[in-house]
Protein chains: 2
Amino acid sequence: MSNLDTTFADLSDVTRRAIFGRLMQGEARLSDLAAPFDMSQTAVSKHVRVLSDAGLLELEKRGRTRHCRLNAHAMKDASDWLTDYQGFWPQQFNNLARHVSGQGE
Amino acid sequence: MSNLDTTFADLSDVTRRAIFGRLMQGEARLSDLAAPFDMSQTAVSKHVRVLSDAGLLELEKRGRTRHCRLNAHAMKDASDWLTDYQGFWPQQFNNLARHVSGQGE
DNA sequence: TTTTTACCAAACCATATGGTTGACTATATA
DNA sequence: TATATAGTCAACCATATGGTTTGGTAAAAA
């Protein structure tokens, strides 16, 4: 799978987007991440592994806890892609929307 | 699945991103869409159905051909989300990147 | 030292995904 | 009319995904 494939696939799961969002507020332990979800810690651990494999976050073992934080570099790549994407599409969408809705200008 | 789930899932397949890209250049018949790919027309037809079910494109039957075009409204929704997303994250990413790389500023 | 905590690993399960083939329908074209 | 073309549908297959449970290990706390 390409990088873009995995990034989008990762973002297509609501649990992972939530983990993503949580980590924006800062580092968290695996059990902290798992707590809000109505599923086993093992399941959350798998999601974290998916994100980690995609390079979207980093894991650090400290004693018996595992600490997760966003990987700024990988995030930057994703952000850059979105920037490019978003820079290109909107006019197209808007043009198309104007055309379709017949609103002219 | 939520709307966001399906949109990201749709974008996570390279074939569908290519179809997506092709349709940005304008309407196309199903067989036109299928031609560049080393897979059966049935497979491409399935991808098109996935995109259609997600509301990302529209199908129109004209005689024996099926014409596809982007759905401007659904596209606008996706674009809006990306805009919000991208408006929110970059500073965060940049802050995080600065912090991690220790570049101060 | 014993017990609890935090996590991993393996096996398993149901469903989704991305592809195939073959048979079919409907429309153009010769 | 006969044939080729565009596309669908249904059945099938292999693999991926998202979850579970059970049993383990290592570290912290009692």
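Values reported hereafter were calculated over all heavy atoms of this structure, with side chains retained and with hydrogens, waters and symmetry mates removed. Chain identifiers are assigned alphabetically (A, B, ...) following the order of the sequence lines, protein sequences preceding nucleic acid strands; residue numbering begins at 1 within each chain. Worth saying up front: this structure is predicted, and the values here are computed from it rather than measured.
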With sequence neighbours left out, the residues meeting side chain to side chain contact (heavy atoms under 4.5 Å, CB included) with A/Ala35 are none

Electrostatic pair B/Arg17-B/Asp10, nearest N-O below 4.0 angstrom | no

Find which nucleotide of DNA chain D each of B/Gln41 and A/Gln41 is nearest to by heavy atoms, and output the residue with the more 5' nucleotide.
-> B/Gln41

Could you tell me whether the side chains of A/His67 and A/Glu27 share a donor-acceptor contact shorter than 3.5 Å?
-> yes

Of the candidates D/dG7, C/dA6, C/dA9, the side chain of B/Thr65 sits closest to D/dG7

Taking CG from B/Asp5 and P from C/dT17, how many angstroms apart are they, rounded to a whole number?
-> 11 Å

Report yes if a side-chain nitrogen or oxygen of A/Arg29 is closer than 4.0 Å to either non-bridging phosphate oxygen (OP1 or OP2) of C/dA6; otherwise report no.
-> yes

Could you run through nucleotides 21-28 of chain C and give me one letter per nucleotide, 5' to 3': B if any protein heavy atom sits under 4.0 Å from the base, S if only the sugar-phosphate is that close, - if neither?
-> BB----BS

Among all residues two or more places apart in sequence or in another chain, which pass the side chain to side chain contact (heavy atoms under 4.5 Å, CB included) test with B/Ser40?
-> B/Thr42, B/Ala43

Hey, can you pull the donor-acceptor pairs under 3.5 Å for the side chains in residues 46-56 of chain B, sequence neighbours left out?
residue, atom, partner, partner atom, Å
B/His47, ND1, B/Arg16, NH1, 3.2

May I ask you to evaluate whether A/Ser45 reaches the phosphate of C/dC8, defined as a side-chain N or O under 4.0 Å from OP1 or OP2?
-> yes

Under-4.0 Å side-chain N/O to phosphate OP1/OP2 contact, B/Thr15 with C/dG18 | no

Choosing from C/dC8, C/dG18, C/dA9, which nucleotide comes nearest the side chain of B/Asp13?
-> C/dG18

Between D/dG19 (C1') and A/Ile19 (CD1): distance, integer Å = 13 Å

Give a yes/no answer on whether the side chain of B/His47 brings an N or O atom under 4.0 Å of OP1 or OP2 in C/dG19.
-> yes

Atom-pair distance (CG on B/Leu33; C1' on D/dG7), nearest Å | 13 Å

State which residues pass side chain to side chain contact (heavy atoms under 4.5 Å, CB included) with B/Arg64; sequence neighbours excluded, sorted by chain then number.
-> none

Protein-nucleotide distance (B/Asp32, atom CG; D/dA6, atom C1'), rounded to Å | 11 Å

Which whole-number value in Å describes the distance from B/Lys46 NZ to D/dG7 C1'?
-> 14 Å

Provide, to the nearest angstrom, the distance between the CZ atom belonging to B/Arg49 and the C1' atom belonging to C/dG18.
-> 15 Å

Rounded to whole Å, the CG-P distance (A/Asp10 to D/dA16) equals 15 Å

Which whole-number value in Å describes the distance from B/Phe8 CZ to D/dT17 P?
-> 17 Å

Which residues satisfy the side chain to side chain contact (heavy atoms under 4.5 Å, CB included) test with A/Ala28, sequence neighbours excluded?
-> A/Arg22, A/Leu23, A/Asp32, A/Leu33

Is B/Arg16 near enough to C/dG18 that one of its side-chain N or O atoms lies under 4.0 angstrom from OP1 or OP2?
-> yes

